[in-house]
Amino acid sequence: MDSFSSSFMSTLSPTTIIPKPILTPSSSRRNISSVRIEDKPATQVTSTTTTTTTESPSTTSSSAVPKRQAEPTFHSPLYTKLLDPPSKPSVDPRHVLSNNFAPVDELPPTECEVIQGSLPPCLDGAYIRNGPNPQYLPRGPYHLFDGDGMLHSIKISQGRAIFCSRYVNTNKYIAERDAGSSLLPNVFSGFNGLTASAARGALFAVRILAGQYNPANGIGLANTSLAFFGDRLYALGESDLPYAIRLTSNGDIETIGRHDFDGKLFMSMTAHPKTDPDTKETFAYRYGPVPPFLTYFRFDSDGSKQLDVPIFSMTRPSFLHDFAITNKYAIFGDIQIGMKFGGGSPVGSDPNKVPRLGVIPRYAKDESEMRWFDVPGLNIIHVINAWDEDDSNTIVMVAPNILSVEHSLERMDLVHALVEKVRIDLKTGIVTRNPMSARNLDFGVINQGYVGKKNKYVYAAVGDPLPKISGVVKLDVSKGERQECIVATRLYGGACYGGEPIFVPKQPDNPEADEDDGYVVSYVHDEKSGESRFLVMDAKSAHLDIVAAIKLPRRVPYGFQGLFVRKNELDKLQDCYNN
């Protein structure tokens, strides 16, 4: 542990809160390539689909990929076409889309080369990662969160790897693709400045009246994450319904369509549902700008949605990006980021708001047993895991706490995410917090067989600074108070940056297997060489040793979250849509 970390941990004593329970950027602006201007898109080498098809593009070796046409480079003269110039770097596309944040075109299934080691048999399946990839070059303010969802998958079978990149064919993406230009204002950046906000709002209204777009079809981007439950795979974004996805036998990605679960799911759903590894039930929620600001619900193991539980004790709209479940409860964080109205982004921070945690029985039929606990200074955007202790009288939750939360949407480079262990004593109402590490860590993941159960190990991304990820660490969260919990580290080195790590167990069906017996995988990009790779690391080793590396046929932009889908799950997807 470095001197700063040692000093930091030694001065941080556990924080105990006794609340009254309530019942009820750098300035670098390099040129951007691989971005299309708002014109009719050129004919794709291979088209994507929005419904189940019987044919898909044939797998192509990297040497046989058709040569892409030269693409425009982003220079400042294009700003003559802007509706309004960006007022700050956080929404300036020249900054936001620089380097490996720049979007790429779709890529059909392409065979990859294993350049180091060999792929373990347990990786037979597919790693898929979601992320923003704007279809058109922004002509005004643009936030990192506003890009159209693109999935980057690597399908592995018997040591062979096939890579593919496809847009999620959301209704928004299809309408704008067919129109040849953007139709909808961006959520995070489309309302910067009162004049521009009014102009974009009026233009969108005209397009609706002209029949160019029906908002009932959803406005979401499906650019945040993926989830597999009820034998189906979904691309998720919390501003819309899930989009069903499948991988074909040759590694292509197909969008099946927007899914409302037989008309039972309305408006939107979280991008971070939780699936109980034992019962196979999935727990989720939606949040929004009008009451009820929070609605909790669940899906049976077969994917059937159950009744909504509206939470009216949340009295104002909040940014509820993630939550946790235990064997008995669901836990929500009502943080200092919320929805606001007026000029600028509709999402912002409120320094006068006191963060709180809400606890509700996970099988609640109404909110009568919902309890809220004030926890000053705790702003959780992502949650790693939670479990019950003391005969379910105590909840333990592990999550990164976002320090300087006011910078979380506009100056992510100033954000420090401190992983904490939070204990909620349901008998006394006392909330105790302990830091797990001094490092800047986010996008923490676990062995998914331990969701809602007491676990020991966490794999987290190292911010350097955020949103760039310089490596991955392994934490032992069973360690005592005021101890640095990092037990293994893999820094990518040089100008190499990755993303959220994913843990893949060697023996997922063996209850006797060690929790950390498996591999950590991630896409990693070298900004000097321009190459991207898929890395496989030994999760048990002291330095997260690299056991295999795959050279990808082209760069993979930095993105958000993903998952690993096992071969038997891919087979279920095929059966589901072939029947």
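Here the structure is a predicted model, which is why all the values come from computation and not from measurement.
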Report task. Starting at OG of Ser165, measure out to CZ of Arg129 and round the result to the nearest 0.5 Å. Result -> 8.5 Å
Query - Donor-acceptor pair, side chain of Thr110 and main chain of Pro108, under 3.5 angstrom - result: yes
**Report entry** Minimum-distance pair of heavy atoms, taken over all atoms of Gln158 and Asp124
**Finding:** N-OD1, 3.1 Å
Requested in this report: Apply side chain to side chain contact (heavy atoms under 4.5 Å, CB included) to Tyr142 and Val96, showing your working.
Outcome: CA-CA 7 Å; Tyr142 174 85; Val96 178; 3.8 Å; yes
**Report entry** Expected output: side-chain Asp148 to main-chain Gln135 donor-acceptor under 3.5 Å
**Finding:** yes
Requested in this report: Drop me the distance from Gln448's CD to Ile502's CD1, to the nearest 0.5 angstrom.
Outcome: 7.5 Å
Query raised in the report: Just by distance, do the side chain of Thr170 and the backbone of Tyr173 share a donor-acceptor pair under 3.5 Å?
Result: yes
Query raised in the report: Listed by chain and number, what are the side chain to side chain donor-acceptor pair (under 3.5 Å) partners of Asp231, not counting sequence neighbours?
Result: none
Requested in this report: With the side chain counted from C-beta on, respond yes when Leu247 and Leu233 share a heavy-atom pair under 4.5 Å apart, and no when they do not.
Outcome: yes
Query raised in the report: Between Glu484 (side chain) and Ile486 (backbone), is there a donor-acceptor pair under 3.5 Å?
Result: yes
Report task. Rounded to the nearest 0.5 Å, what's the gap from NZ on Lys572 to CZ on Phe228? Could you check? Result -> 6.0 Å
Query - Qualifying ring pair (Phe, Tyr, Trp, His ring centres under 6.0 Å) pairs with a residue from residues 98-124, counting only residues at least two apart or across chains - result: Phe101-Tyr558
Report task. Identify whether the distance between the nearest side-chain nitrogen and carboxylate oxygen of Asp526 and Lys528 falls below 4.0 Å. Result -> no
Report task. Look at the side chain of Tyr136 and the backbone N and O of Glu176, then say whether any donor-acceptor pair between them is shorter than 3.5 Å. Result -> yes
Query raised in the report: Does the pair Arg166/Glu106 count as a salt bridge with the N-to-O cut at 4.0 Å?
Result: yes
Report summary line: To the nearest 0.5 Å, atom CD1 of Ile154 lies from atom CZ of Arg533 at 12.5 Å
Query raised in the report: Out of Phe163, Phe534, Phe564, which residue meets the ring-ring contact (aromatic ring centres under 6.0 Å, His included) rule with Tyr127?
Result: Phe534
Report summary line: On a heavy-atom basis, the closest approach of Ala399 and Ile380 is CB-CG2, 3.8 Å
Query raised in the report: Short question: side chain of Asn223, backbone of Gly147 - any donor-acceptor pair under 3.5 Å?
Result: yes
Query raised in the report: Between His259 and Tyr234, is the ring centre distance below 6.0 Å?
Result: yes
Query raised in the report: Considering residues, nucleotides and ligands other than Lys551, do more than 12 of their heavy atoms fall under 6.0 Å from its NZ?
Result: no
Requested in this report: Take atom NZ of Lys454 as the centre, draw a 6.0 Å sphere, and report whether it contains more than 12 heavy atoms from other residues, nucleotides or ligands.
Outcome: no
Query - Test item: Tyr497 side-chain N/O and Pro467 main-chain N/O as donor-acceptor pair under 3.5 Å - result: no
Requested in this report: Kindly indicate, with the supporting measurements, whether the criterion side chain to side chain contact (heavy atoms under 4.5 Å, CB included) is fulfilled by Val472 and Met537.
Outcome: CA-CA 10 Å; Val472 58; Met537 295 162 271; 3.9 Å; yes
Query raised in the report: Would you say the side-chain atoms of Gln561 and His382 include a donor-acceptor pair closer than 3.5 Å?
Result: yes
Query raised in the report: Asn133 side chain to Tyr167 main-chain N or O, any donor-acceptor pair under 3.5 Å?
Result: no
Query raised in the report: Does the distance from a Lys or Arg side-chain N to an Asp or Glu carboxylate O, for Asp538 and Lys540, drop under 4.0 Å?
Result: no
Query raised in the report: Can you check side chain to side chain contact (heavy atoms under 4.5 Å, CB included) on Trp387 and Tyr450, steps first, answer last?
Result: CA-CA 9 Å; Trp387 61 85; Tyr450 288 79; over 6 Å; no
Query raised in the report: Does a donor on one side chain sit under 3.5 Å from an acceptor on the other, for Glu420 and Asn401?
Result: yes
Report task. Could you tell me which non-hydrogen atom of Pro465 sits nearest to which non-hydrogen atom of Asp413, and how far apart they are? Result -> CB-O, 3.4 Å
Query - Cys496 SG to Lys468 NZ distance, which is reported to the nearest 0.5 Å - result: 11.0 Å
Query raised in the report: Do side-chain atoms of Lys155 reach the backbone of Ala161 as a donor and acceptor pair under 3.5 angstrom?
Result: no
Query raised in the report: Would you call Lys280 and Asp276 a salt bridge, using N to O less than 4.0 angstrom?
Result: no
Query - Closest heavy-atom pair and its distance - Ser153, Gly251 - result: OG-O, 4.0 Å
**Report entry** For the student: nearest non-hydrogen atoms of Ala284 and Thr270, plus distance
**Finding:** CB-CG2, 3.9 Å
Query - Short side-chain donor-acceptor distance under 3.5 Å, Asn455 and Asn385 - result: yes
Requested in this report: Answer with yes or no whether the side chains of Thr255 and Arg246 bring together a donor and an acceptor at under 3.5 Å.
Outcome: no
Query raised in the report: Would Thr275 and Thr282 count as having a side-chain donor-acceptor pair, cut-off 3.5 Å?
Result: yes
Requested in this report: Taking the side chain as every heavy atom from C-beta outward, state whether Pro103 and Pro134 have any atom pair closer than 4.5 Å.
Outcome: yes
Query - Verdict with reasoning, His525 to Tyr523, per ring-ring contact (aromatic ring centres under 6.0 Å, His included) - result: CA-CA 7 Å; His525 181 72; Tyr523 291 135; over 10 Å; no
Report task. State plainly whether the residues Arg555 and Glu531 are in salt-bridge range, i.e. N to O under 4.0 Å. Result -> no
Report summary line: Interatomic distance, CD1@Ile245 vs CG@Leu226, rounded to 0.5 Å, equals 7.5 Å
Query raised in the report: Should Glu238 and Phe319 count as side-chain neighbours, where that means a heavy-atom distance under 4.5 Å?
Result: yes
Query raised in the report: Distance-only, no hydrogens or angles: does the Arg554 side chain make a donor-acceptor pair with backbone N or O of Asp105 under 3.5 Å?
Result: yes
Query raised in the report: Shortest non-hydrogen contact from Ala324 to Val383?
Result: CB-CG1, 3.5 Å
Query raised in the report: Is any side-chain heavy atom of Val451 closer than 4.5 Å to a side-chain heavy atom of Pro277?
Result: yes
Query raised in the report: Does the pair Val168 and Met150 meet the rule for a side chain to side chain contact (heavy atoms under 4.5 Å, CB included), with working shown?
Result: CA-CA 6 Å; Val168 182; Met150 178 174 273; over 6 Å; no
Query - Lys274/Asp322 ion pair, N-O < 4.0 Å - result: yes
Report task. Would you mind checking if Glu515 and Lys456 are paired as a salt bridge, meaning a charged N to carboxylate O distance below 4.0 Å? Result -> no
Report task. For Lys567, look at atom NZ and say whether over 12 heavy atoms of other residues, nucleotides or ligands are found less than 6.0 Å away. Result -> no
